[in-house]
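Heads up, the thing below is written out as structure tokens.
What you see below is based on every heavy atom in this structure, not just the backbone, and it leaves out hydrogens, waters and symmetry mates.
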Amino acid sequence: MGRTAAVTIEISYEFAFGTYEDALRMVGTRTEPRHAGTAVSGARIQHFASMVRDDNPSYWDPEFAQRVWGGLVAPPALLTGLLMPPPWVPTGEPPMASIAVRVPLPGTAIINASNDAEYLAPILEGDLLSVVEELVSVSPEKETRLGIGHFIETVETYYRGDEVVARCRNSLFRFTPTGS
């Protein structure tokens with residue numbers, strides 16, 4: 001009988017720490033484009049649709065999807081997952097953390113407070129996507145039930161080649177949990 005070795009993969013996105021003033025200096029910063037490692041696949045579309053039990057024929061029926069969209073279409077909620085970096089690649093290159101994690105602020109936790117997405121074109125099987133993130137704003141210190149922290153607003157712009165296919169505006173709360 002063969003033995004299998006246990007492998008531990010640790011993903012750690014280290015927070016940048018600093019002051020509110022440090023964070024304000026970063027407002028307006030845009031990242032270089034981050035490219036998806038693979039094209040949007042029918043298997044990924046269908047896996048996501050199965051996870052949320054969505055029987056929309058746009059995800060499952062290639063003939064219907066071709067007629068209506070030009071191919072199998074990615075569910076809107078899959079957008080951010082399509083460009084999420086894998087936890088490990090053979091080159092050993094660490095995954096790039098979201099710009100929100102790189103904003104130098106106090107706080108040991110982060111939570112997505114709101115998300116608003118605008119889709120300008122369908123994302124189809126075979127598309128190669130990229131994303132550019134921008135830090136739009138950082139709020140003064142706020143006190144919430146979760147703790148004391150700052151709201152960070154970012155915009156992610158998704159591209160297929162030079163064409164903008166979607167924009168996603170996120171508001172995240174970077175904070176130190178109450179009682180910590």
So, do [X] and [Y] sit near enough that their side-chain heavy atoms are less than 4.5 Å apart?
X      : Y      : value
Ile152 : Val136 : no
Tyr119 : Val165 : no
Tyr59  : Leu72  : no
Ile111 : Leu172 : no
Asn115 : Cys168 : yes
Ser114 : Phe151 : no
Thr31  : Arg34  : no
Val40  : Ile45  : yes

Checking the side chain of [X] only, and the main-chain atoms of [Y] only, is there a donor and an acceptor separated by less than 3.5 Å?
X      : Y      : result
Ser50  : Arg53  : no
Arg30  : Leu135 : no
Thr154 : Ala100 : no

Identify whether [X] and [Y] are in the same connected component of the hydrophobic contact network (ILVMFWY, side-chain heavy atoms under 4.5 Å).
X      : Y      : result
Leu105 : Val27  : yes
Leu24  : Ile99  : yes
Tyr159 : Ile123 : no
Met84  : Leu78  : no

Which heavy atom in [X] sits nearest to a heavy atom in [Y], and how many Å separate them?
X      : Y      : value
Val73  : Pro122 : CG2-CB, 3.8 Å
Arg160 : Ala121 : NH2-CB, 3.5 Å
Ser139 : Lys142 : OG-CG, 3.8 Å
Pro177 : Ala109 : CG-CB, 4.1 Å

[atom2] on [Y] to [atom1] on [X], rounded to 0.5 Å:
X      : Y      : atom1 : atom2 : answer
Leu128 : Leu82  : CG    : CG    : 11.0 Å
Ser58  : Leu124 : OG    : CG    : 10.0 Å
Leu79  : Phe48  : CG    : CZ    : 10.0 Å
Glu141 : His150 : CD    : NE2   : 5.0 Å
Asn170 : Glu133 : CG    : CD    : 8.5 Å
Thr157 : Leu120 : OG1   : CG    : 9.0 Å

Can you confirm whether more than 12 heavy atoms, excluding those of [X], are under 6.0 Å from its [atom1] atom?
X      : atom1 : result
Glu163 : CD    : yes
Glu21  : CD    : yes
Trp69  : CH2   : no

Original post:
After noting the C-alpha distance and the side-chain angles of Leu83 and Tyr158, does the key distance pass the side chain to side chain contact (heavy atoms under 4.5 Å, CB included) rule?
Top reply: CA-CA 9 Å; Leu83 276 124; Tyr158 291 83; 3.4 Å; yes

Original post:
Could you walk me through whether Arg167 and Glu156 pass the side chain to side chain contact (heavy atoms under 4.5 Å, CB included) check?
Top reply: CA-CA 6 Å; Arg167 280 193 193 84; Glu156 298 169 341; over 6 Å; no

**OP:** Run the numbers on Thr144 and Phe173 for side chain to side chain contact (heavy atoms under 4.5 Å, CB included), then give the verdict.
**Re:** CA-CA 10 Å; Thr144 72; Phe173 187 51; 3.3 Å; yes

**OP:** Using the ring of Phe17 (Phe, Tyr or Trp, six-membered ring only), decide whether Arg174 places NZ or CZ under 6.0 Å from its centre and within 45 degrees of its axis.
**Re:**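 Yes.
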
